[in-house]
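The block underneath contains the structure these notes are about, expressed in structure tokens.
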Amino acid sequence: MTTDTTRLLDDLQQRNLIAQKSGDDEGFREYFSEPGRVVYCGFDPTADSLHVGHLVPLLMLKRFQLAGHKPLALIGGATGMIGDPSFKATERSLNSAGLVAEWVTKLGQQINGILDADTPDSAARIVNNADWMGGMDVLTFLRDVGKYFSVNSMIGKESVKQRINRPEQGISFTEFSYSLLQSYDFAELNRRYDCALQIGGNDQWGNITAGIDLTRRMNRQQVFGMTLPLITKSDGTKFGKTESGTVWLDPTKTSPYSFYQFWLNSADTDVYDYLKYYTFLSVEEIGCIKAEDEQRSAKPEAQRILAEQLTLLIHGEEGLVQAQRISQAMFSGDPRLLTPEELQQLSLDGAPTLALDSDVDLQDTLVAAGLAGSRRIARELIGAGAVLLNGVVAESADIRLDKAQALHGRYILIRKGKKHFCLVELNRR
RNA sequence: GGUGGGGUUCCCGAGUGGCCAAAGGGAUCAGACUGUAAAUCUGACGCGCAAGCUUCGGUGGUUCGAAUCCACCUCCCACCA
């Protein structure tokens with residue numbers, strides 16, 4: 001077991017997954033040389049689903065689990081009521097208690113699906129900090145927790161500096177107190193579960209170190225902290241977004257197909273790093289993939305592997321098959337070969353869909369589908385041969401869509417350019 | 001409060017009476033090339049099938065004609081205090 005953890009830490013370093021780590025490497029390694037250590041990461045319910053930005057810490061918990069430790073996922077039913085101000089430019093609006101509670105439940109289910117709760121010696125545990133914070137009264141909190149914090153050092157934290165320095169934005173006492181809550185969580189988890197490591201995104205460093213200090217003072221225990229790097233894209237745009245917005249883990253918010261496509265579209269310059277961050281493939285294997293991709297001068301395999309690994313992990317075998325089947329039909333297959341069931345599945349799987357009456361103008365349809373900004377643009381696109389109906393180039397701008405050309409009398413798959421689609425379903429009249 | 005500068009089509013930014021739907025760049029979209037890449041090249045980029053119509057902070061005015069001139073309003077910025 002000792003070797004497992006040593007390997008883990010070396011592996012994490014090779015994957016560039018450690019941004020900052022508290023304390024000395026020796027002590028850290030020694031402590032984690034014993035199996036069954038408890039590692040925690042908090043997830044605040046700020047939406048009804050986790051998104052790809054949450055994956056790195058979540059998978060980190062799993063990495064520790066695979067190395068024989070116990071992952072502890074904390075869902076911030078309490079902290080989610082407050083809002084973390086770290087590196088946020090503006091004060092955030094509060095969510096209602098009911099909404100937060102609902103989100104807590106949903107996040108719990110998602111996390112549960114990813115972390116293994118049945119592994120004998122390293123079962124995952126999911127806790128909610130509302131359980132110990134919800135009932136705490138103000139005086140107790142201020143006396144027992146607040147007393148350990150120095151406002152002087154709190155206002156010096158980099159994470160709130162911009163808020164402190166910008167009077168027009170400011171920071172409410174509520175948000176300013178957030179760090180105390182998170183710190184108390186660490187101390188509490190240390191007391192309850194002997195938790196000794198908190199991990200989080202690099203923006204959490206301030207909160208984590210505050211928790212380490214509090215735990216030492218309250219529990220007289222030395223605990224550890226580690227932050228994970230902020231994932232970036234080589235083109236400078238924000239990771240985790242597509243033109244249609246955040247990439248969620250919830251299949252009803254981001255379909256397995258879109259999720260698969262998100263990873264598949266990773267840039268060559270990023271994809272090998274992502275394989276290290278997001279998959280459990282060994283660094284050696286990833287190195288081989290890279291070497292092979294460089295040998296072959298054709299399309300690299302890395303993106304496909306990345307997309308497969310992640311879709312399988314989050315959406316399971318079925319989700320992956322769906323995603324691949326749709327991708328195949330859309331990009332390289334002939335949509336005319338799809339069965340009515342598969343076409344129907346397309347819309348369920350997240351392809352944009354439009355229900356129209358039969359015998360409609362193609363230009364108007366392109367506009368309605370959001371594939372063209374105006375009829376004039378639609379005509380230009382058609383003229384350039386950029387519009388495909390069921391995989392066949394639309395020859396004329398004056399085409400009308402009717403049942404005769406619809407697949408199975410109902411479906412017309414419109415494609416604009418290389419990767420914009422809309423499935424039109426003609427109503428029977 | 002005083003003075004000076006400014007608000008132009010998604011963004012930046014030219015344009016100071018007709019030749020302006022408005023230079024140039026960026027972003028975006030498409031085509032070619034490709035790997036559903038990158039880079040590059042080409043084209044499009046207010047609306048309209050078209051005649052034409054609606055845009056240049058707002059309102060009114062001068063003029064045959066205004067993004068361009070005038071008045072007022074509004075917002076932003078700089079300096080003064």
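These values consider heavy atoms only, across backbone and side chains, with no hydrogens, waters or symmetry-generated copies.
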### Message
Suppose we screen for side chain to side chain donor-acceptor pair (under 3.5 Å). Which residues come up paired with A:Asp203, at least two apart in sequence or across chains?
### Response
none

All pairs passing salt bridge (charged side-chain N to carboxylate O under 4.0 Å, His left out) where [range] contributes a residue, at least two apart:
{"range": "residues 64-90 of chain A", "answer": "none"}
{"range": "residues 96-111 of chain A", "answer": "none"}
{"range": "residues 377-398 of chain A", "answer": "A:Arg376-A:Glu380"}
{"range": "residues 265-291 of chain A", "answer": "none"}

### A:Tyr260: partners by ring-ring contact (aromatic ring centres under 6.0 Å, His included), with sequence neighbours left out
none

### Message
For A:Trp248, give me all partners under ring-ring contact (aromatic ring centres under 6.0 Å, His included), at least two apart in sequence or on another chain.
### Response
A:His51

Please give, in whole Å, the distance from [N] [atom2] to [X] [atom1]?
{"X": "A:Asp293", "N": "B:A38", "atom1": "CG", "atom2": "C1'", "result": "15 Å"}
{"X": "A:Asp398", "N": "B:A50", "atom1": "CG", "atom2": "P", "result": "12 Å"}
{"X": "A:Ile382", "N": "B:G43", "atom1": "CD1", "atom2": "C1'", "result": "17 Å"}
{"X": "A:Arg415", "N": "B:U36", "atom1": "CZ", "atom2": "C1'", "result": "8 Å"}
{"X": "A:Leu371", "N": "B:U28", "atom1": "CG", "atom2": "C1'", "result": "15 Å"}
{"X": "A:Leu366", "N": "B:C29", "atom1": "CG", "atom2": "P", "result": "16 Å"}
{"X": "A:Lys299", "N": "B:G35", "atom1": "NZ", "atom2": "P", "result": "9 Å"}
{"X": "A:Leu362", "N": "B:C49", "atom1": "CG", "atom2": "C1'", "result": "15 Å"}

If you restrict it to nitrogen or oxygen atoms, what contacts under 3.5 Å exist between nucleotides 53-55 of chain B and the protein, and what is each distance?
none

### Query
Out of curiosity, A:Ile414 CD1 to A:Ile412 CD1, how far, rounded to the nearest 0.5 Å?
6.5 Å

### Task
Enter the distance from A:Leu366:CG to A:His420:NE2 here, rounded to the nearest 0.5 Å.
12.5 Å

When rounded to the nearest Å, what value does the distance between [atom1] atoms of [N] and [M] take?
{"N": "B:A38", "M": "B:C33", "atom1": "P", "value": "16 Å"}
{"N": "B:G46", "M": "B:C77", "atom1": "P", "value": "31 Å"}
{"N": "B:A66", "M": "B:G18", "atom1": "P", "value": "11 Å"}
{"N": "B:G13", "M": "B:G25", "atom1": "C1'", "value": "8 Å"}
{"N": "B:U74", "M": "B:G60", "atom1": "C1'", "value": "15 Å"}
{"N": "B:U16", "M": "B:G7", "atom1": "P", "value": "13 Å"}
{"N": "B:G15", "M": "B:U55", "atom1": "C1'", "value": "15 Å"}
{"N": "B:C11", "M": "B:U3", "atom1": "C1'", "value": "31 Å"}

## Note on the structure
Of the candidates B:U36, B:A30, B:A37, the side chain of A:Asp268 sits closest to B:A37

### Query
Cation over ring, A:Arg15 on A:Tyr277, under 6.0 Å and within 45°?
no

### Message
Is the positively charged end of A:Arg37 above the ring of A:Phe64, judged by distance under 6.0 angstrom from the centroid and angle within 45° of the axis?
### Response
no

### Query
According to a strict under-4.0 Å criterion, is A:His420 in side-chain N/O contact with OP1 or OP2 of B:U36?
no

### Query
Which comes earlier along RNA chain B counting from the 5' end, the contact point of A:Gln261 or that of A:Gln363, where each point is its nearest nucleotide?
A:Gln261

Any N/O pairs under 3.5 Å between the protein and nucleotides 45-48 of chain B? List them or say none.
residue, atom, partner, partner atom, Å
B:C47, OP1, A:Ser374, OG, 3.4
B:C47, OP2, A:Arg376, NH2, 2.6
B:G48, OP1, A:Arg375, N, 3.3
B:G48, OP2, A:Ser374, OG, 3.1
B:G48, OP2, A:Arg376, N, 3.4

What nitrogen or oxygen pairs link the protein and nucleotides 31-34 of chain B at under 3.5 Å?
residue, atom, partner, partner atom, Å
B:U34, O4, A:Lys418, NZ, 3.0

### Query
Using the benzene-type ring in the case of Trp, are the ring centres of A:Phe331 and A:Phe421 under 6.0 Å apart?
yes

### Task
Output yes when A:Lys403 and A:Asp359 qualify as a salt bridge under the 4.0 Å nitrogen-oxygen rule, no when they do not.
no

### Query
Any ion pair linking A:Asp402 and A:Arg400 (charged N to carboxylate O, less than 4.0 Å)?
no

Just list the side-chain donor-acceptor pairs under 3.5 Å for residues 305-316 of chain A, sequence neighbours left out, or say none.
residue, atom, partner, partner atom, Å
A:Glu308, OE2, A:Arg304, NE, 3.0
A:Glu308, OE2, A:Gln324, NE2, 3.1
A:Thr311, OG1, A:Ala307, O, 2.6

### Query
Counting a pair only when it is Watson-Crick or G-U and both distances are under 3.5 Å, which runs of at least 3 such pairs involve RNA chain B?
B:1-7 with B:74-80, B:10-12 with B:24-26, B:28-32 with B:40-44, B:57-61 with B:69-73

